Trainee: 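A single structure is presented below for examination.
All values derive from a computational prediction rather than experimental measurement.
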Amino acid sequence: MKNLQDYIAFDLEFNTVDEVSHMIQLSAVKFSDHKEIETFDTYVYTDVPLQSFINGLTGITAEKIAGAPKVDEVIANFATFVGELPLVGYNAGKSDLPILAENGLDLTEQYQVDLYDEAFERRSSDLNGIINLKLTSVADFLGIKGRGHNSLEDARMTALVYEKFLELDENKRYLTQQEETHGDNPFAALGGFFD
């Protein structure tokens with residue numbers, strides 16, 4: 001997995017009507033040197049009626065959307081926020097990136113790490129015993145708390161899952177180095193401590 005020092009984790013919520021997905025919330029967290037330094041969070045105006053299912057799932061109301069900036073303004077502001085930084089997401093290649101692209105912002109070149117793919121690969125190692133690979137399940141399994149279906153919370157959980165995976169990788173590298181240096185002797189690292 002790529003180890004990014006500076007990146008943006010993002011997520012969006014959408015309302016699908018007649019097979020067209022309309023963005024209703026777009027959020028991101030900017031990380032630098034493994035710390036959150038800035039957030040982007042906005043509802044997005046749409047005149048398409050909000051599905052009651054989406055309202056129940058996300059807690060987003062028609063009132064929040066009615067007073068929100070229009071999609072063109074949101075996309076322009078988000079493009080400025082992202083700049084040239086690499087992106088990480090959770091299964092964003094299937095819905096989030098295509099929805100952004102449909103609205104005039106193609107970020108596929110900047111999309112560097114998909115945490116869903118990482119979670120899938122780690123299912124039998126780091127995530128052994130996990131019930132499913134939903135973001136909230138993976139986050140909870142790793143001791144990260146957050147509320148799903150709020151794009152800011154999801155973006156933050158995505159970043160924290162990424163940070164946790166980086167930490168696990170670093171620990172594995174350290175253990176491998178210890179084994180290469182000291183063989184199978186568990187006390188070898190203690191050196192001459194008992195001499």
Trainee: Taking Tyr162 for the side chain and Val113 for the main chain, is one N or O donor matched with an acceptor at less than 3.5 Å?
Mentor: no
Trainee: Between Gln25 (side chain) and Asp41 (backbone), is there a donor-acceptor pair under 3.5 Å?
Mentor: no
Trainee: Mind checking who shares a hydrophobic cluster with Val17, ILVMFWY linked at side-chain heavy-atom distances under 4.5 Å?
Mentor: Val48
Trainee: Atom OG in Ser151, atom CD1 in Ile60: separation rounded to 0.5 Å?
Mentor: 6.5 Å
Trainee: Donor-acceptor pair, distance only, cut-off 3.5 Å: does the side chain of Thr158 make one with the backbone of Asp154?
Mentor: yes
Trainee: Could you tell me the separation between the CG atom of Leu135 and the CG atom of Asp140, rounded to the nearest 0.5 Å?
Mentor: 10.5 Å
Trainee: Please walk me through it: do Leu87 and Tyr111 pass side-chain contact (heavy atoms from CB on, under 4.5 Å)?
Mentor: CA-CA 5 Å; Leu87 296 169; Tyr111 193 55; 4.0 Å; yes
Trainee: List in chain and number order the residues that pass side-chain hydrogen bond (donor to acceptor under 3.5 Å, both in side chains) with Lys2, two or more places apart in sequence or in another chain; answer none if no residue qualifies.
Mentor: Gln112
Trainee: Is it the case that more than 12 heavy atoms not belonging to Lys64 sit under 6.0 Å from its NZ atom?
Mentor: yes
Trainee: Please answer whether the main-chain N or O of Leu166 pairs with a side-chain N or O of Asn3 as donor and acceptor at a distance below 3.5 Å.
Mentor: no
Trainee: Tell me whether Leu133 is reachable from Met157 by hopping between hydrophobic residues (I, L, V, M, F, W, Y) whose side-chain heavy atoms are closer than 4.5 Å.
Mentor: yes
Trainee: Quick check: closest heavy atoms across Ala155 and Ser27, and the distance to 0.1 Å?
Mentor: CB-O, 4.1 Å
Trainee: By side chain to side chain contact (heavy atoms under 4.5 Å, CB included), which residues pair with Leu160, not counting sequence neighbours?
Mentor: Phe31, Ile144, Arg156
Trainee: Between Val161 and Ala139, what is the shortest heavy-atom contact and its length?
Mentor: CG2-CA, 4.0 Å
Trainee: Going hydrophobic residue to hydrophobic residue with side-chain gaps under 4.5 angstrom, can you get from Val82 over to Phe40?
Mentor: yes
Trainee: What pair of heavy atoms forms the shortest contact from Tyr90 to Ala119, and how long is it?
Mentor: OH-CB, 3.8 Å
Trainee: Run the numbers on Glu118 and Asp126 for side-chain contact (heavy atoms from CB on, under 4.5 Å), then give the verdict.
Mentor: CA-CA 10 Å; Glu118 279 296 322; Asp126 297 330; over 6 Å; no
Trainee: Working to the nearest 0.5 Å, report the span between CD of Gln110 and CG of Leu105.
Mentor: 8.0 Å
Trainee: Evaluate the side-chain contact (heavy atoms from CB on, under 4.5 Å) criterion for residues Ile130 and Val138: first the C-alpha distance (whole Å), next the side-chain angles of each, then the deciding distance (0.1 Å), finally the verdict.
Mentor: CA-CA 7 Å; Ile130 197 166; Val138 172; 3.7 Å; yes
Trainee: If I take atom CG from residue Leu115 and atom CG from residue Asn91, how far apart are they, to the nearest 0.5 angstrom?
Mentor: 10.5 Å
Trainee: Among Asn103, Leu12, Leu26, exactly one meets side chain to side chain contact (heavy atoms under 4.5 Å, CB included) together with Val74. Which residue is that?
Mentor: Leu26
Trainee: Between Pro98 and Ala92, which heavy-atom pair has the shortest distance, and what is it?
Mentor: CD-O, 3.7 Å
Trainee: How are the rings of Phe10 and Phe78 set relative to one another: parallel (under 30°), tilted (30 to 60°) or perpendicular (over 60°)?
Mentor: tilted
Trainee: Examine Ile8 and Ile99 and state if one hydrophobic cluster contains both, with Ile, Leu, Val, Met, Phe, Trp and Tyr joined whenever side-chain heavy atoms are less than 4.5 Å apart.
Mentor: yes
Trainee: If you round to the nearest 0.5 Å, how far is OG1 of Thr80 from CD1 of Ile75?
Mentor: 11.0 Å
Trainee: Hey, could you give me the CG/CD1 distance between Asp6 and Ile37, rounded to the nearest 0.5 Å?
Mentor: 7.0 Å
Trainee: Check whether Leu57 and Phe14 end up in the same hydrophobic cluster, where Ile, Leu, Val, Met, Phe, Trp and Tyr are linked by side-chain heavy atoms less than 4.5 Å apart.
Mentor: no
Trainee: For residues Thr39 and Glu36, report the shortest heavy-atom separation together with the two atoms involved.
Mentor: CG2-OE2, 3.1 Å
Trainee: Can you tell me if Lys30 uses its side chain to pair, donor with acceptor, with the backbone of Phe81 under 3.5 Å?
Mentor: yes
Trainee: Counting heavy atoms not belonging to Glu109, are there more than 12 under 6.0 Å from its CD?
Mentor: no
Trainee: Check this for me: Lys70, atom NZ, are more than 12 non-hydrogen atoms of other residues, nucleotides or ligands nearer than 6.0 Å?
Mentor: no
Trainee: Is any side-chain heavy atom of Leu97 closer than 4.5 Å to one of Leu107?
Mentor: yes
Trainee: In this structure, would Ile54 and Tyr43 fall into the same cluster of hydrophobic residues linked by side-chain contacts under 4.5 Å?
Mentor: yes
Trainee: Show the numbers, then the answer: is there a side-chain contact (heavy atoms from CB on, under 4.5 Å) between Phe165 and Leu168?
Mentor: CA-CA 5 Å; Phe165 283 168; Leu168 291 167; 4.1 Å; yes
Trainee: Would you find more than 12 non-hydrogen atoms of other residues, nucleotides or ligands less than 6.0 Å from His34 atom NE2?
Mentor: yes
Trainee: Please check this pair: side chain of Asp114 against backbone of Tyr116, looking for a donor-acceptor N/O pair closer than 3.5 Å.
Mentor: yes
Trainee: Do the side chain of Asp11 and the main chain of Glu153 share a donor and acceptor less than 3.5 angstrom apart?
Mentor: no
